[in-house]
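A note on names: the letters A, B, ... follow the listed sequences, proteins ahead of strands, and every chain is numbered from 1.
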There are 2 protein chains.
Amino acid sequence: MASLSTAAQTSATALPPTRYDKRMSEILAHATEVFREKGYEGASMRDLSRATGMSLAGLYYYFESKERLLFLIQKHTFTTIVARLKKRLEHVSDPEEKIRAFILNHLEYFLANPAAMKVLSHEAEVLKSGFALELAASKREYYRICVALLGDLKQEWELEFSTRLAVLSLFGMMNWIYTWYNPRIDADAAAIAREMGDIFLRGVANGCKTSLKKTDFNSRCKESPNGNHHAAGKR
Amino acid sequence: MASLSTAAQTSATALPPTRYDKRMSEILAHATEVFREKGYEGASMRDLSRATGMSLAGLYYYFESKERLLFLIQKHTFTTIVARLKKRLEHVSDPEEKIRAFILNHLEYFLANPAAMKVLSHEAEVLKSGFALELAASKREYYRICVALLGDLKQEWELEFSTRLAVLSLFGMMNWIYTWYNPRIDADAAAIAREMGDIFLRGVANGCKTSLKKTDFNSRCKESPNGNHHAAGKR
DNA sequence: ACTTGAATCGAACGTTCGTTCGAATTTCTC
DNA sequence: GAGAAATTCGAACGAACGTTCGATTCAAGT
């Protein structure tokens with residue numbers, strides 16, 4: 001039978017990984033890559049068998065179904081990114097920096113694990129009720145954290161906007177990256193996080209109430225012609 | 001055989017729609033809905049047969065393959081949204097208003113045709129080389145239009161930022177909407193377009209070079225406490 | 001009414017799908 | 001190195017897949 005420690009074990013119960021655990025992780029990694037390439041429905045168990053070098057029947061020693069395999073991938077990915085985020089936020093107190101940390105955490109993990117994050121983003125609807133419910137909890141927690149961070153910013157900066165729309169717009173900006181990111185063209189996670197952070201934070205900060213009236217904006221900006229827009233946002 | 005006018009006929013060759021054309025459109029509409037619900041790979045020809053009320057073999061009188069069916073849906077959707085955009089942009093000259101028109105056009109069509117837009121966004125990678133190439137051209141044209149609009153804004157407002165990242169962030173904000181929009185909770189297309197436009201345009205406008213340094217920003221904003229942030233962006 | 005081509009259908013094709021099972025093999029324990 | 005437990009496998013299951021084909025029904029012109 002399987003060992004007591006599951007593959008998606010939290011760092012709290014850090015038993016030494018058993019042989020079973022290691023093999024499990026290998027299979028999960030290969031499956032993640034296959035799901036990224038062909039999609040969950042488009043990938044067959046025979047594709048996974050080929051990618052892992054394990055027989056078709058052998059896979060079922062680790063997973064009772066293809067659906068549970070997808071669930072484990074998504075659950076593990078979500079758990080990891082939330083855990084990293086919480087650890088990261090401990091060392092930050094400023095609301096703006098917290099949101100920047102959120103964005104950086106998301107994009108760093110996204111670009112370091114593009115396959116897992118694409119599977120998480122793109123196959124978000126395929127799991128059936130049982131699996132879907134458990135995953136929805138993780139998703140909700142992650143969403144709530146971002147809402148709370150933005151709420152703090154709203155209060156500190158005395159802003160007014162729809163938190164829901166702002167958070168979902170931010171997720172859209174970040175998650176859409178799997179459709180276009182090219183490591184040979186695009187900057188690294190830190191740079192993209194900075195630029196997206198600039199766009200989002202400036203966008204959400206409705207400070208100067210005339211800032212979007214074109215004429216006012218233009219005349220105001222003529223007085224202080226813009227320099228390197230990176231200088232201000234540098235951490 | 002099929003009539004001369006194809007189902008995805010452009011408005012230029014506006015022949016009266018034949019019986020064949022009308023039936024074709026019906027099938028396309030039903031298929032779009034099924035693809036939205038179950039995904040392209042997850043939907044079977046038997047699902048489409050059930051949804052359209054037509055026999056399995058009957059469908060193949062209109063489409064030579066399931067893949068071509070998806071292609072026709074995506075091609076028609078893209079063609080329509082680009083055509084609407086071009087017509088809309090004719091009546092606008094101001095760069096900011098042009099981008100707002102772009103966003104409004106995209107979101108209006110998105111929320112009026114959520115199934116088609118989800119299929120366009122979510123099944124963007126499944127078509128094979130032949131179909132994929134033709135669709136990539138439409139995609140590229142749409143992307144280029146947005147790049148050009150943003151280029152104009154950059155020039156008029158004397159801004160500096162990565163156009164590629166800004167455009168792709170905007171697409172992310174807009175296209176992600178299919179994962180969360182709920183007509184019972186969320187505002188209509190015009191309101192969301194306004195809010196997203198505010199976020200994006202303010203975000204991209206790096207006018208006041210100190211705008212994101214928290215201390216400076218805060219002190220600057222204390223002088224003119226923010227009012228209704230919608231007032232400025234009203235069309 | 002009869003002909004003709006367009007439109008639709010039932011039934012089946014061969015293939016691939018996810019999953020199972022008992023046997024074989026490997027690994028671990030003593 | 002023998003025995004037990006953990007792991008892997010070949011072979012097959014029934015179901016569902018996309019697609020085809022010959023026959024049938026429908027709509028329109030004469």
Side-chain angles (χ1 to χ4, degrees), chain A residues 1-7 15-31 34-35 37-73 119 123 126-128 130-131, chain B residues 1-7 15-31 34-35 37-73 119 123 126-128 130-131:
Chain A
M1 276 300 167
S3 76
L4 289 179
S5 59
T6 74
L15 307 174
T18 66
R19 182 177 128 84
Y20 174 88
D21 290 329
K22 279 189 273 191
R23 200 86 174 91
M24 175 81 113
S25 299
E26 282 178 30
I27 298 175
L28 278 175
H30 282 112
V34 174
F35 283 160
E37 289 169 14
K38 321 185 86 167
Y40 170 76
E41 307 269 14
S44 69
M45 291 301 292
R46 283 157 185 87
D47 290 328
L48 302 181
S49 167
R50 205 173 306 117
T52 56
M54 177 175 276
S55 74
L56 196 50
L59 292 173
Y60 281 87
Y61 180 72
Y62 292 89
F63 311 103
E64 63 203 22
S65 69
K66 184 188 175 191
E67 192 182 10
R68 176 160 175 83
L69 173 50
L70 174 62
F71 169 76
L72 287 177
I73 291 172
V119 171
E123 315 291 350
V126 313
L127 291 177
K128 299 299 173 188
F131 292 134
Chain B
M1 278 298 166
S3 77
L4 289 180
S5 59
T6 74
L15 308 175
T18 66
R19 181 175 130 84
Y20 175 88
D21 291 329
K22 279 189 273 191
R23 200 84 175 93
M24 175 81 113
S25 299
E26 282 178 30
I27 298 175
L28 278 174
H30 282 113
V34 174
F35 284 160
E37 288 169 14
K38 321 187 86 168
Y40 171 75
E41 308 269 12
S44 70
M45 291 300 292
R46 283 159 185 85
D47 290 328
L48 302 181
S49 166
R50 203 175 307 117
T52 56
M54 177 173 277
S55 74
L56 198 49
L59 291 174
Y60 282 87
Y61 180 74
Y62 292 89
F63 311 104
E64 65 205 22
S65 70
K66 185 187 174 191
E67 192 182 10
R68 176 161 175 82
L69 173 51
L70 174 61
F71 169 76
L72 287 178
I73 291 173
V119 171
E123 314 291 349
V126 313
L127 292 177
K128 299 298 175 189
F131 291 135

[X] [atom1] to [N] [atom2], straight-line distance once rounded to whole Å:
X         : N       : atom1 : atom2 : value
Tyr20(A)  : dT8(D)  : OH    : P     : 10 Å
Glu26(B)  : dA7(C)  : CD    : P     : 13 Å
Phe63(B)  : dT20(D) : CZ    : P     : 15 Å
Lys128(A) : dG18(C) : NZ    : C1'   : 15 Å
Leu59(B)  : dC17(D) : CG    : P     : 14 Å
Met24(B)  : dT8(C)  : CE    : C1'   : 16 Å
Tyr62(A)  : dC9(D)  : OH    : P     : 10 Å
Tyr60(B)  : dC9(C)  : OH    : P     : 15 Å

Donor-acceptor contact present, side-chain Lys38(A) to main-chain Val126(B), <3.5 Å: no

With a 3.5 Å distance limit and no angle check, can you tell me whether Glu67(B) reaches the backbone of Leu127(B) through a side-chain donor-acceptor pair? no

Return whichever of Gly58(B) or Lys66(A) has its heavy-atom-nearest nucleotide of DNA chain C closer to the 5' end. Gly58(B)

For Arg23(B) and for Glu67(A), locate the closest nucleotide of DNA chain C by heavy-atom distance; then report the residue assigned to the nucleotide nearer the 5' terminus. Arg23(B)

Below the 4.0 Å mark, does dT8(C) have OP1 or OP2 next to a side-chain nitrogen or oxygen of Tyr61(B)? no

All side-chain contact (heavy atoms from CB on, under 4.5 Å) counterparts of Ser49(A), not counting sequence neighbours: Leu56(A), Leu59(A)

Report the residues that fulfil side-chain contact (heavy atoms from CB on, under 4.5 Å) with Glu41(A), sequence neighbours left out, ordered by chain and then residue number. Glu41(B)

If you take any heavy atom closer than 4.0 Å to DNA chain C, which residues from residues 38-54 of chain A end up in contact? Ala43(A), Ser44(A), Met45(A), Arg46(A)

The ring-ring contact (aromatic ring centres under 6.0 Å, His included) partners of Tyr62(B) (sequence neighbours excluded) come to Tyr20(B)

Can you name the one residue among Leu70(A), Leu48(A), Ile27(A) that meets side chain to side chain contact (heavy atoms under 4.5 Å, CB included) with Phe63(A)? Ile27(A)

When every nucleotide of nucleotides 22-30 of chain D is labelled 5' to 3' by its protein contacts under 4.0 Å (heavy atoms), B for base, S for sugar-phosphate only, - for none, what sequence of letters results? ---------

With sequence neighbours left out, the residues meeting salt bridge (Lys or Arg N to Asp or Glu O under 4.0 Å) with Arg50(B) are Asp47(B)

Sequence neighbours excluded, which residues qualify as salt bridge (Lys or Arg N to Asp or Glu O under 4.0 Å) partners of Glu26(B)? Arg23(B)

Separation between CZ of Arg46(B) and OG of Ser55(B), rounded to the nearest 0.5 Å: 11.5 Å

